[in-house]
Structures are given as structure tokens and as C-alpha cells.
Amino acid sequence: MNKIPNRQVICDTLLELAKDDRDIMVLASDSRGSAAMAPFANTFPEQFVEVGIAEQNIVGMSAGLAHSGKKPFVTSPACFLSMRSIEQVKVDIAYSRTNVKLIGISGGVSYGALGMSHHSVQDIAVARAIPGLAIVLPADRHETKKLTEALVKYDGGVYVRIGRNPVEDVYETDDYPFEIGKAITVREGKDVTIIGVGETVRIALDAAKALNDEGISARVINMHTIKPLDEEAIITAARETGRIITVEEHSIYGGLGAAVAEIVVQNHPVPMRVLGIPDEPAIAGKSAEVFHHYGITGDNIKQIAFELINK
Amino acid sequence: MEIQELKVKAAQIRMDLLTIIHRAKTGHTGGSLSNTDILTALYYEIMNVDPSNPKWDDRDRFIASKGHSVESLWCILADRGFFPKEELETYSQFGTRLIGHPNNKVPGIEMNTGALGHGLPISVGMALAAKRDDRPYRVFCLMGDGEQAEGSNWEAAMAGSHYKLDNLIGIIDRNRLQISGSTEEVMGLEPLEEKWTAFGWNVVSINGNNMEELLKAFRSVPEVAGKPTLIMANTTKGKGVSFAENVPAWHHHVPNDKELELALTELKATIEELTQKGQVH
Ligand SMILES: Cc1ncc(C[n+]2csc(CCOP(=O)(O)OP(=O)(O)O)c2C)c(N)n1
């Protein structure tokens, strides 16, 4: 089992890249520990900025740094970064087209028992509504490394959301092409497509394997980039497999499921199910308990696939 | 309550909060220990609240803006009878209402907090409503010092003095630490008292772990008619547990079995000493 959380992968990768790129900067809001960025702060103090507990300021400052040629990476809990500072994101990053990377840490229900103030399950909905802001959720440590490298080269605003704990690998190696905006089919299949994002890709994959034992062939798509969305991959899946299930660690409103549904109904309507957190303050508990409570599990996806296929 | 009794109470609350954090294996230990004396003074002596009627119209309001330090609050509310003490065992467990931040499913909690920098604006609204309706209640808002970096506090500070809210009492748990280290290194705040004074507040500076000073300060508000009061409560993060005092890691460090035992032994000794001195029974 993998022991490295994605936040640590981001730090390790930036430590590598920052050696040759003095413009890479990391900002934190009393969050360098939770973001696993303390090694970066210690190694490159000149490329690190602490703003204290001030999420509006961290985004405004990063926009100013970017305007002056820096490549700022803002690391702050996803719940606050995506909400507290959203106007700064809209105006100072998206509208003004500044090159800022927002890294939302401990997203979804990572902060399980801390309650709704600390859950980040509306962030994708909010970020999607902002023109020009890319949204990426890496599936595992390999993808997180590739994403971080891509982010340094990408010119523009990006919202990245990662969880708190290490996640099981989706990929055996990082020997595959990764491109922001291009979905990855991690398993071929023809009866149904399960689309996951971030840490739910692994769950989708588990469901597909279980379905295979029952004679059902499920395609699994890793939609790591929710915006710009890979519409072609969705339309092809609708056409070729006729049924789609989306699964996400996010409200059922405005996230991956909604984004996929918009494409499906307008291009190739097929039966679809959206699996996520219902419209309520998520129950308190450990991530796994919360996932289980809401049926964000391989077993439940399997069940839904049966229902869709028998329709 | 007698002053010695309050001190004993605070030590008992510290024992309770360490116990629930240890059991749940999660919690914000340092900040909860630092504000225990403040909460003890408020809930056992200063505030007009009624556990059997928690929504009574004229009750004083308490807002825990530094919501992460909820454990001291849960233990005090349980001890005062807002909910059964056994429920403390559910703290942070699956499906509990005693989560890691104040939430108003629990009797005695006014508002849900946890995102820093929300408490004071809410409190200004409550205090303003009391003024407009000519009601006698007061609003107490406890903030962290690291929390002062959120701009929303200063917007509320302006409004509080603009509306002459002398029924509003802001308290800063000035323990000089936040998560990443000392407040003055992370984001310097000094001169903090002067800032609040400049925003139109009457500032009272005390030792926030000293029960006598706390009671004196709380009993004399408002000192100045037409001005909100800011009590700068200088405290020690991790107060009462020698090895946790002033150690940044104890912000959310959870005591292991041995640390819990050691801490409880220290606090028991504190209680014994107080009991002998004051003949508290
Ligand atoms: C808006 C917001 N940003 C960040 C956090 C995460 N956080 C929780 S506690 C804390 C440090 C608080 O420090 P301080 O206010 O000094 O409280 P204390 O030391 O008394 O615990 C931080 C950054 C939060 N709860 N809310």
C-alpha cells in the first residue's frame, strides 16, 4: 500500500523543479504543515511566502506575484481556498488572466469529523462557474507528479484539489502520457462507463473489476480535468457503452456528474447516474465512513451498474 | 462560585478535555487548554445562561470564533447540563453531533463556527439586534490571535465601534502561537492592543489564565459607555500540562496513553493543592 500522500508528492516535485526555476514560489496560510510544504519553506526560504490565516490575501498576493513574472503555487485547505477567496479567484486570477496555481489540500471530506466548515464538497461547482479557470483532481501519486510538472509549464489559473491521506495507486508507473484537459481511459469496456475523478477513480476501477467477475464489461475513465472537460471522451463513452455512472467526492450538484450530464444530454442522451454527496451537510466521521454512508463504494457502483443494464 | 472552586473546575475541565481528545484520537489540544480559564469564568460565573432553557430570549450569547478549540466548550456545556455528560464519549465519532467544531444541533451553541474570522461579524450582528430591540443581553466572542490575520475581524471591529456596541465583548486568546509557530513570525500582530484601540474599542489587558483577573475584567464591562470592549487575554497555549505549554506541535497533537496519564497526574496535583489551600470540598 502506498504511504505517500499526494500533498507530499507536490512538495517533492516542486523541490526538484524549483532548483532550476527561481520563479516558482509557494505560498501558505498557516498551512505549510498540512500542505506538507515545510521542506520547501526550509529549502527555498526566498521562494516561500507565509501570509498567516488570510485566504483572501493569499490569492490577491499570488496574483500580484504572477503579474510580476512569478509562478505562484498557493497551498491552503481546499474548503477555505475555494470559498473564502473566491472573489479574488474570479477577479484577480481568472478575469485578469494571471498565472496562479491554487492547490486545495485536504479536499472533499478529508477533514471528516471537523464538519461542514471544513468539508470541501462545493468547490468544483464554484470553480466550474469561473471562466478560464482549469480544474484538476489527480488520481494517485503518479498522476500528482505528472500534474505538478504540467502545472509549472501551464500558463494560467488552475484549481487543483487533493485529499489528505495517501491513496492506493491507480497506475503502476508514471509511464503514460498526461495532459491537462485530456481524460484517460484506465480500463476498456463496452457495457457501461464509470467516470471517476481524483480519489474516486480507484473506487471506479474496483467496481469495474468486480463487474467483470459478473460478466459485465465496464469502461473506466479518469476525468482528472473537470475543466476544460474532455467532451469527446464522454460522447464516445455514451455512444459505445450506452450507460454512464459518475462518482465523485463532491456534492451531486455542480460537480463531475453535472458536467458530464450536460454533455451527455446535449449530444448523445443515455441513461446516467450521478453518485456523490447529497444536498445536506455531510455526516461527520472518517473519510471511509462518510464514503460508505453515501454509497461511494465499489459495491454500490456495481449495484447501480446492474440497475442501469437491466433497465 | 468561589474563586478556588472556579480554579478547581477549570482543572477538571482540562482533565475532561484531554480524556475526550485521547479517546477520539483527534482534537485541538493546545488552544483548548489555553482558553479553559476564560470559558470557565464565563460559563460558571459571568454569563446569564440557563441550561434548562438554552434558547431563553435574554440569555447572554457566546460565540466561539476559534471554533477548533471546541473540546473545552463541549466539556463545559456537558458539565453545566446542556446535554448528558455521557454524550462526550461520542466526540468525533461517526454520526455524532459533538463534532470537531461548535454546531447548533447541540443545545447551548448559538452558531456554527470553524472557519476562522466569522465569529466577530456574527457577534456584531447579535449585539446590534440587542441594541435595536432594547434587550439586556451581551455578546461574548472568543477569537484566536492567529485568527486576527483574517481581514473580516477588522471589518467587524470597525462596525462594532461605529454602532457603539458596549454590549459586545471581544476576547482574544493571546497565546502567541498558531499552527506554524509563533504569531509574530507567521504574521506579526503587534502592537495588537493599539490596533484595537485605534479601531475604537476599549481595550483591557489581563493574564487570561488568572481567574481573579478574568473575573475582574468581565465584571467591569462596559468600562466606557458606547464602546465595545476587547479583552486581551494573555495566555499560555497548552496551559496546565507542563510538557504541552508553549509547544507549537500541541496545537493538534493528541496525547498518547503515557502523556494522558502524566497530564492527569499533574492536573490532579493542581486540584489537590487548590483544595488544601482554599478548603474546597
Ligand atoms: C478560515 C480558516 N483558515 C484556516 C483555518 C485552519 N486553522 C485552524 S486553527 C488554525 C490556527 C489558529 O491559531 P490561533 O487563532 O492563534 O488559535 P489558537 O492558537 O488559540 O489555537 C488554523 C490556521 C481555519 N479553521 N479557518
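Below, read A as the first sequence line, B as the second, and so on, with proteins coming before strands; counting in each chain starts at 1.
- Around the OH atom of Tyr95(A), the shell of radius 6.0 Å holds no more than 12 heavy atoms that belong to other residues, nucleotides or ligands.
- Counting non-hydrogen atoms of neighbouring residues, nucleotides and ligands closer than 6.0 angstrom, the NE2 atom of His253(B) exceeds 12 such neighbours.
- Across every non-hydrogen atom of Val186(B) and Glu50(A), the tightest pair is O-CG, 3.4 Å.
- Note that CZ of Arg84(A) is 4.5 Å distant from OG of Ser152(B), once rounded to the nearest 0.5 Å.
- The number of heavy atoms from other shown groups lying within 6.0 Å of NZ (Lys195(B)) is above 12.
- Residues Ser117(A) and Gly114(B) approach most closely at OG-CA, 3.6 Å, considering heavy atoms.
- Interface check for chain A: of the options Gln148(B), Glu185(B), Gln178(B), the most heavy-atom pairs under 4.5 Å are formed by Gln178(B).
- Ala54(A) approaches Ala149(B) most closely through the heavy-atom pair CB-O, 3.5 Å.
- Summarising the local packing, CD of Glu184(B) is surrounded by more than 12 heavy atoms from other residues, nucleotides or ligands at distances under 6.0 Å.
- For Glu147(B), the part lying near chain A is the backbone, with the side chain staying farther off; criterion is any non-hydrogen pair under 4.5 Å.
- Distance check: Glu150(B) CD to Glu55(A) CD gives 4.5 Å after rounding to the nearest 0.5 Å.
- Looking at Ile283(A), the atoms closer than 4.5 Å to chain B (heavy atoms on both sides) all sit in the side chain, from C-beta outward.
- Annotation: residues 30-45 of chain A contacts chain B through Asp30(A), Ser31(A), Arg32(A) [non-hydrogen atoms, separation under 4.5 Å].
- Interface remark: Thr26(B) contributes no atoms to any contact with chain A (heavy atom separation under 4.5 Å).
- Going from atom CG of Asn57(A) over to atom CE of Met187(B) covers 7.0 Å, rounded to the nearest 0.5 Å.
- At a heavy-atom cut-off of under 4.5 Å, chain A is reached by Ser92(B), Gln93(B), Phe94(B), Gly95(B), Thr96(B), Ile99(B), Gly100(B), His101(B) from residues 73-103 of chain B, listed in order of number.
- Shortest non-hydrogen contact noted between Ala115(B) and His118(A) is N-CE1, 4.4 Å.
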